[in-house]
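Worksheet for the structure shown next.
Please read these numbers as outputs of a predicted model, since none were measured by experiment.
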Protein chains: 2
Amino acid sequence: MRLTTKGRYAVTAMLDLALHAGKGPISLADISERQGISLSYLEQLFAKLRRSELVRSVRGPGGGYQLSRDQVHINVAEVIDAVNESVDATGCHGSGDCQSGETCLTHHLWCDLSEQIHAFLSSISLLDLVQRKDVQLVAKRQDRRYVDQLIMSTGEKTSADRKAAV
Amino acid sequence: MRLTTKGRYAVTAMLDLALHAGKGPISLADISERQGISLSYLEQLFAKLRRSELVRSVRGPGGGYQLSRDQVHINVAEVIDAVNESVDATGCHGSGDCQSGETCLTHHLWCDLSEQIHAFLSSISLLDLVQRKDVQLVAKRQDRRYVDQLIMSTGEKTSADRKAAV
DNA sequence: AATTAGCCGACTGTTTTAGTAGGTTAAATA
DNA sequence: TATTTAACCTACTAAAACAGTCGGCTAATT
């Protein structure tokens, strides 16, 4: 089992999509900007997320990605799974042939652990995350910074422009 | 976070020690034989287990390793920790400076997960494992095979010899 | 003196991670 | 219609970790 930036990036990016849902497709460039994840790396992750039918893509200008299902029906476990980061803690992938065809001494322990982790992560939907206070706080900060960046680059000045940009 | 053969081997080896406690020091060669783990690799792992004061060593013939504490007072989490396989799921080791000094969108989620896993693994002692039915079954099988191997190599034949070997 | 078994450091092939680079294709817009 | 946008795809890479090997050394027992 492993949980590295790969799985964390995937969940973070999916949560970014969830937070900005209903505003049309979100480009990977936007997610890259807001979440500080390399664009090329995001592309690789979204290729997998798309294959697992967790997101839909829209090509061309104004295009990007959208969640393919309701936020309630996407949980953290399946997002991590989609980018090939198994939540399985056994060495035999649950088959029980860990020690030359037979069950090793600690097989059941790792099965229990895997179950525990999976139960926890699959019980958390994107909607749950979106509704969390701490997530909303970070999201607000990121959005503010994102808009500021936008204004800087386009040279707009007034607070009316600022609002228009959002 | 990662949980690979390294951490699994460590727990398995410690459980082997626990199962054969009270019979004097257990050599790594014995553990290697019973659990199917490379002897040299075990040596590396036990160097770390010793540094964490989870085991005591006895040198010379008849030497080996023993648990340095009671089985009730050694839990799975600290064994995994001893061989440098952190149970931490955050990328910032819990500090919260995940995204260029500030908290990332999913920081609290990974904190919760880490807590969950740690609570689970630290709630399981070696004694708990020793008392499990499935562990006892596998242990019995391994011991039988171990004795058979011993008889084969020493050329003893009768069931009296078999008993004497144990 | 010889054997046992812990101790120690260096070295190795393989896999994964995290990312880069360079290009192609589909759709919208000027 | 030409240009731009942004998805899509393949290949490559440095660095790290994993899992294990090898050779030699030291302490204790027989």
> Does D/dG20 have OP1 or OP2 sitting under 4.0 Å from an N or O in the side chain of B/Tyr9?
Replying inline: yes
> Base, sugar-phosphate alone, or nothing: which one does B/Ser40 contact when heavy atoms must sit under 4.0 Å apart?
Replying inline: base
> Which letters describe nucleotides 24-29 of chain C, given B = protein heavy atom under 4.0 Å from base, S = only from sugar-phosphate, - = neither?
Replying inline: -BBBB-
> Roughly how bent is the helix from C/dA1-D/dT30 to C/dA30-D/dT1 end to end, in steps of 10 degrees, with each end axis from five pairs?
Replying inline: 10°
>> Evaluate A/Leu105 against B/Leu19 for side chain to side chain contact (heavy atoms under 4.5 Å, CB included), listing each step before the verdict.
In response: CA-CA 11 Å; A/Leu105 202 52; B/Leu19 283 161; 3.7 Å; yes
> Is there any side-chain hydrogen bond (donor to acceptor under 3.5 Å, both in side chains) pair reaching into residues 88-101 of chain B, and which pairs are they, with sequence neighbours excluded?
Replying inline: A/Gln142-B/Gln99, B/Asp88-B/Thr90, B/Asp88-B/Ser114, B/Ser95-B/Asp97
> Under 4.0 Å between a side-chain N or O of A/Ser57 and OP1 or OP2 of D/dC8?
Replying inline: yes
>> Return the CG to CD1 distance between B/Asp112 and A/Ile124, rounded to the nearest 0.5 Å.
In response: 6.5 Å
>> Regarding A/Phe46, tell me which of base, sugar-phosphate or nothing describes its non-hydrogen contacts under 4.0 Å with the strands shown.
In response: nothing
>> Under 4.0 Å, heavy atom to any atom of DNA chain D: which of residues 88-105 of chain A qualify?
In response: none
> What residues form a ring pair (Phe, Tyr, Trp, His ring centres under 6.0 Å) with A/Tyr41, not counting sequence neighbours?
Replying inline: A/Tyr9
> In chain order, what residues pass the side-chain contact (heavy atoms from CB on, under 4.5 Å) check against A/Ala77, with sequence neighbours excluded?
Replying inline: A/Asn75, A/His118, A/Leu121, A/Ser122
For residues 62-73 of chain A, please give each side-chain donor-acceptor pair under 3.5 Å, one per line with the distance, not counting sequence neighbours.
from	atom 1	to	atom 2	distance (Å)
A/Ser68	OG	A/Glu53	O	2.7
A/Ser68	OG	A/Leu54	O	3.1
A/Arg69	NH1	A/His73	O	2.8
A/Asp70	OD1	A/Val72	N	3.1
A/Gln71	NE2	A/Ala18	O	2.9

> Hydrophobic clusters join Ile, Leu, Val, Met, Phe, Trp and Tyr when side-chain heavy atoms are under 4.5 Å apart, directly or via other members; which others share one with A/Leu137?
Replying inline: none
>> In this structure, how many angstroms lie between the C1' atom of D/dT21 and the OH atom of B/Tyr41, rounded?
In response: 12 Å
> How would you list, by chain and number, every residue that makes a side-chain hydrogen bond (donor to acceptor under 3.5 Å, both in side chains) with B/Arg34, sequence neighbours excluded?
Replying inline: B/Asp16
> Under 4.0 Å between a side-chain N/O of A/Thr4 and OP1 or OP2 of C/dA18, yes or no?
Replying inline: yes
>> Pair B/Thr103, B/His108 - check side chain to side chain contact (heavy atoms under 4.5 Å, CB included), show working.
In response: CA-CA 9 Å; B/Thr103 304; B/His108 295 84; 4.1 Å; yes
>> Please report the interatomic distance CD(A/Gln35) to SG(B/Cys98), rounded to the nearest 0.5 Å.
In response: 11.0 Å
> If you find the nucleotide of DNA chain C closest to A/Arg2 and the one closest to A/Ser38, which residue's nucleotide is nearer the 5' end?
Replying inline: A/Arg2
>> In this structure, how many angstroms lie between the P atom of C/dT20 and the CG atom of A/Leu45, rounded?
In response: 13 Å
> Counting just side-chain N and O atoms, does A/Tyr65 come under 4.0 Å of either OP1 or OP2 of D/dA6?
Replying inline: no
What does the list of N/O pairs under 3.5 Å between the protein and nucleotides 9-15 of chain D look like, with a distance for each?
from	atom 1	to	atom 2	distance (Å)
D/dC9	N4	A/Glu43	OE1	3.1

> Sequence neighbours excluded, which residues qualify as side-chain contact (heavy atoms from CB on, under 4.5 Å) partners of B/Arg145?
Replying inline: A/Glu102, B/Gln149
> Roughly how far, to the nearest 0.5 Å, is CG of A/Asp148 from CG of A/Asp143?
Replying inline: 11.0 Å
> Does any donor atom in the side chain of B/Ser52 or B/Glu78 lie under 3.5 Å from an acceptor atom in the other side chain?
Replying inline: no
> With sequence neighbours left out, what residues match A/Asn84 under side-chain contact (heavy atoms from CB on, under 4.5 Å)?
Replying inline: A/Lys48
